[in-house]
*Asks:* 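Would you mind keeping the following structure in view while I ask a few things?
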Amino acid sequence: MRLHAPMALVALVAAATALLPATQAQAAGSVVKVTGGQGAWQLTVNGSPYTIKGVTWGPSPSDAAADMPDLTSMGVNTVRTWGTDATSQPLFDAAAANGIKVIAGFWLQPGGGPGAGGCVDYVNDAAYKSSQLSAITQWVTAYKDNAGVLMWDVGNESVLGMQNCYSGAQLEQERDAYVSFVDQAAQAIHGIDPNHPVTSTDAWTGAWPYFKAYAPHLDLYAVNSYQGVCGIKSDWHNGGYTVPYIVTESGPPGEWEVPNDANGVPLEPNEQQSADGYTNAWNCVESDPGVSLGATMFNYGTEYDFGGLWFNLIPAGERQLSYYAVKKAYGGDTSHDNTPPVVSSVTVPNPSSVVAGQPLTLTAQAADPNGDAISYEVLYSSKYVDGDGGLTSQSSTDLGGGRLQVTAPSKPGVWKIFVKAHDGHGNVGVGSLSVRVVPPPVSGTNVALGRPTTASSFESDGYGGCPCGPADATDGDLTTRWASDWSDPQWLQVDLGTVTALHHIQLDWESAYGKDYTIQVSNDGQTWQTIHTTTGGDGGIDDFDVSGSGRYVRLDATARGTGYGYSLYEFGVYS
């Protein structure tokens, strides 16, 4: 039984809808209901049973007309979005034209779970809640009669995400207030659109007790779950819940759920393991009939980056093995499919000691089940070096037998290398590994190693792994660094203990590098002689010979290459 909305809420909704612009006439929408009773729930569309066999939607809504026929061929009947606004019309229309429904999302802060930001005070910020409720009611009114709508989904992973904003008693108060606002939105939606259910998604079933206590107007619950998807069933049955659920994201284990490799990088599943992850997830969703109403797997997207290769079924528009796993799970016809090459492994010699900027030979173990010829592409990701999740394609030489020669990255640190295997039929296999890139070896002795080191400034707080004192640049550890204040000029100085003849300098910059600098020497720490000048440097490894001597050696930096300070992993001084 649904309670009536408070009078203030009704007035707010009425005021919001009165301001709506006129919308185009559309085909009458479907009537979607959650029917049945405890443990025997069912979703119906126009009175017929409906099990959600879906994917999350990654492309632009403007691409929907071109992509929906492919989804239909996969056996997909539903797509899920994270936001609904004026750009959503083509998606709803194309879905309806192809017999597909949309779980239409509304984003609320702090969305996105453990790593998300955008903190909101749901206890006290009435203006934010009013603006979001106004937007929700606006778009529900605009699209409620569109035949593409299946249900409304208010929020994404915010109950868990609150832990990034608050702690202790305040965290619990904010979670209660957030879920109460979700319930307020659900009441408003029901008042406008009685023909479509309302749910809310979070990143863990631990959010469901909050929904149970503070959101009685939700018709069903929703959860994003990857490695833990098979535990949802027991969590529901042990939790005493009285509404069914759907899984709104799932697939293979995510980056946050897998062990690290020898280089400290999350161990990405291989292609077969990823495909099996989708199959396993769907089997677990289906194992709870009468309670689980289906799932939308993550992600039908073309995004071409680090996460895109891990999860997207069609990165850059090419089909991965996981695409066919989802198609098979949903009952699509796979009997005539040409499937992708499978890359079972990618290896390099000494992956924990790859020399920066030097030739590197990769070996990709790949096979195509259809006997198609394979062409290869090598890509680098510096995500674990500088946080950039993008991929850069590398020039490579095919040596035959899956052996590829490339040039190693020029910047030290841990890199991800991806090898894409193309079959010429729109399919792609992807293998990956991490490598630790190290500076080139230098002949002679690093006389700065472990010697007393001072600097004009250094970052002393906990930002970016700091404190980052001057001694961190002469400790021989490529994971520690000196970081200066964010201003020019700055200097770093090492005391060699005695006057020493020098022949080489090696600077191992972090992403915040020095563009203009000199290397100076002094016998007394007062009078300095310049033995090297760099202008227009681009970071990475700076390797150069010098001729001079001194007890003190100074890096005198006058122009930064970024808006940050100077950040140096190692200051190598060789005699």
Side-chain angles (χ1 to χ4, degrees), residues 53 55-59 63 66-67 69-76 226 250-255 258 267-282 297-347 362-381 391 393-394 396 398 400-404 416-433:
K53 297 181 177 182
V55 291
T56 56
W57 176 257
D63 295 330
D67 289 334
D70 182 48
L71 292 179
T72 300
S73 74
M74 292 176 66
V76 168
Y226 294 83
S250 196
E255 182 185 6
V258 297
L267 192 59
E268 189 165 348
N270 64 33
E271 291 183 293
Q272 189 60 59
Q273 290 168 334
S274 291
D276 291 345
Y278 288 100
T279 302
N280 179 63
W282 181 246
M297 298 294 172
F298 188 86
N299 177 47
Y300 189 85
T302 59
E303 293 88 348
Y304 191 46
D305 56 12
F306 178 94
L309 289 186
W310 192 306
F311 279 114
N312 278 341
L313 303 180
I314 52 167
E318 296 180 297
R319 297 176 293 274
Q320 295 208 77
L321 188 64
S322 294
Y323 169 98
Y324 294 96
V326 173
K327 184 176 183 179
K328 183 176 181 180
Y330 289 167
D333 181 7
T334 61
S335 60
H336 302 293
D337 285 339
N338 181 301
T339 56
V342 177
V343 182
S344 56
S345 69
V346 178
T347 58
L362 310 168
T363 301
Q365 296 291 336
D368 188 274
N370 307 106
D372 297 322
I374 298 174
S375 61
Y376 295 97
E377 180 184 5
V378 179
L379 305 103
Y380 290 164
S381 169
L391 304 177
S393 184
Q394 305 297 308
S396 63
D398 192 334
R403 297 173 66 246
L404 306 163
K416 278 294 288 288
I417 298 179
F418 296 88
V419 176
K420 297 179 68 175
H422 306 270
D423 68 354
H425 295 280
N427 297 309
V428 65
V430 183
S432 68
L433 81 161

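Keep in mind the model is a prediction, meaning the values are calculated, not measured.
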*Asks:* Can you tell me how far the NE2 atom of H425 sits from the CG atom of D368, to the nearest 0.5 Å?
*Replies:*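 Rounded to the nearest 0.5 Å, the NE2-CG separation comes out at 7.5 Å.
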*Asks:* Applying side-chain contact (heavy atoms from CB on, under 4.5 Å), can you list everything that pairs with N280, at least two apart in sequence or on another chain?
*Replies:*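 Once residues adjacent in sequence are excluded, the partners of N280 under the side-chain contact (heavy atoms from CB on, under 4.5 Å) criterion are C230, C284.
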*Asks:* Could you tell me the separation between the CG atom of L404 and the CG atom of L362, rounded to the nearest 0.5 Å?
*Replies:*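 Atom-to-atom, L404:CG and L362:CG are 6.0 Å apart.
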*Asks:* Of the options V428, L313, N427, which is the one that meets Q320 in a side-chain contact (heavy atoms from CB on, under 4.5 Å)?
*Replies:*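 Of V428, L313, N427, side-chain contact (heavy atoms from CB on, under 4.5 Å) with Q320 is met by V428 alone.
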*Asks:* With distance as the sole test, does K327 use its side chain to make a donor-acceptor pair with the main-chain N or O of G75 at under 3.5 Å?
*Replies:*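 No, K327 side chain to G75 backbone: no donor-acceptor pair under 3.5 Å.
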*Asks:* Go through the structure and list residues passing side chain to side chain donor-acceptor pair (under 3.5 Å) with K328, not counting sequence neighbours.
*Replies:*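 None.
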*Asks:* Can you tell me how far apart CD (E318) and OG1 (T302) are? Round to the nearest 0.5 Å.
*Replies:*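 Rounded to the nearest 0.5 Å, the CD-OG1 separation comes to 11.5 Å.
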*Asks:* If only atom types and distance count, is the side chain of N370 paired as donor or acceptor with the main-chain N or O of N338 below 3.5 Å?
*Replies:*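 No, N370 side chain to N338 backbone: no donor-acceptor pair under 3.5 Å.
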*Asks:* Could you pull out the closest heavy-atom pair between P269 and W310, with the gap in Å?
*Replies:*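 Of all heavy-atom pairs spanning P269 and W310, the closest is CD-CZ2, 3.4 Å.
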*Asks:* So Y300 and D67, side-chain contact (heavy atoms from CB on, under 4.5 Å) or not? Walk me through it.
*Replies:* CA-CA 10 Å; Y300 189 85; D67 289 334; 4.1 Å; yes
*Asks:* Give me the ring orientation class for F311 and F298: parallel if the planes are under 30° apart, tilted from 30 to 60°, perpendicular past 60°.
*Replies:*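 Ring orientation, 0 to 90° scale: perpendicular.
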*Asks:* Any side-chain to backbone donor/acceptor pair from D337 onto T339? Under 3.5 Å, distance only.
*Replies:*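 A pair under 3.5 Å: no.
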*Asks:* Below 4.5 Å, heavy atoms only, C-beta onward: do Q273 and P252 meet side chain to side chain?
*Replies:*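 No - every pair of side-chain heavy atoms lies 4.5 Å or more apart.
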*Asks:* Is there a side-chain contact between Y380 and L391 in this structure, where contact means two heavy atoms from C-beta onward sitting under 4.5 Å apart?
*Replies:*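 Y380 does not reach L391 side chain to side chain.
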*Asks:* Where is the tightest heavy-atom contact between L309 and F418, given as atom of each residue plus distance?
*Replies:*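 Here L309 and F418 meet closest at CD1-CD2, 3.7 Å.
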*Asks:* Measure across S73 and D70 and return the closest heavy-atom pair with its distance rounded to 0.1 Å.
*Replies:*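 Closest pair (atom of S73, atom of D70, distance): OG-O, 2.6 Å.
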*Asks:* Which distance, rounded to the nearest 0.5 Å, do you find between the CG of N270 and the OG of S344?
*Replies:*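 Interatomic distance, N270 CG to S344 OG, rounded to 0.5 Å: 7.5 Å.
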*Asks:* Looking at residues at least two apart in the chain, or sitting in another chain, which of them share a side-chain contact (heavy atoms from CB on, under 4.5 Å) with A275?
*Replies:*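 Testing A275 for side-chain contact (heavy atoms from CB on, under 4.5 Å), a comparison that skips the adjacent residues, returns Q272, L321, S322, A325.
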*Asks:* Which atom pair, heavy atoms only, marks the closest approach of R319 to Y324?
*Replies:*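 Taking R319 first and Y324 second, the nearest heavy atoms are NE-OH, 2.9 Å.
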*Asks:* Please find the pair of heavy atoms, one from A364 and one from Y376, that lie closest to each other, and give the distance.
*Replies:*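 Minimum heavy-atom separation between A364 and Y376: CB-CE2, 4.2 Å.
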*Asks:* Does the N312 side chain pair with the main chain of I314, one donor and one acceptor, at a distance under 3.5 Å?
*Replies:*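 Checking the backbone N and O of I314 against the side chain of N312, no donor-acceptor pair under 3.5 Å is found.
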*Asks:* At what distance, to the nearest 0.5 angstrom, does CE of M74 lie from OG1 of T334?
*Replies:*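 Taking CE in M74 and OG1 in T334, the distance rounds to 11.5 Å.
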*Asks:* Start with the C-alpha gap between L71 and W57, add the side-chain angles, then the distance that decides, and say whether side-chain contact (heavy atoms from CB on, under 4.5 Å) holds.
*Replies:* CA-CA 10 Å; L71 292 179; W57 176 257; 3.9 Å; yes
*Asks:* If you measure from CD on E268 to CD on E255, what distance do you get to the nearest 0.5 Å?
*Replies:*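 Spacing of CD (E268) from CD (E255) equals 8.5 Å.
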*Asks:* How close do P341 and H422 get, counting heavy atoms only, and between which atoms?
*Replies:*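 P341 and H422 have their closest heavy atoms at CG-C, 4.2 Å.
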*Asks:* Would E271 and V343 count as a side-chain contact (heavy atoms from CB on, under 4.5 Å) here? Give the steps.
*Replies:* CA-CA 7 Å; E271 291 183 293; V343 182; 3.7 Å; yes
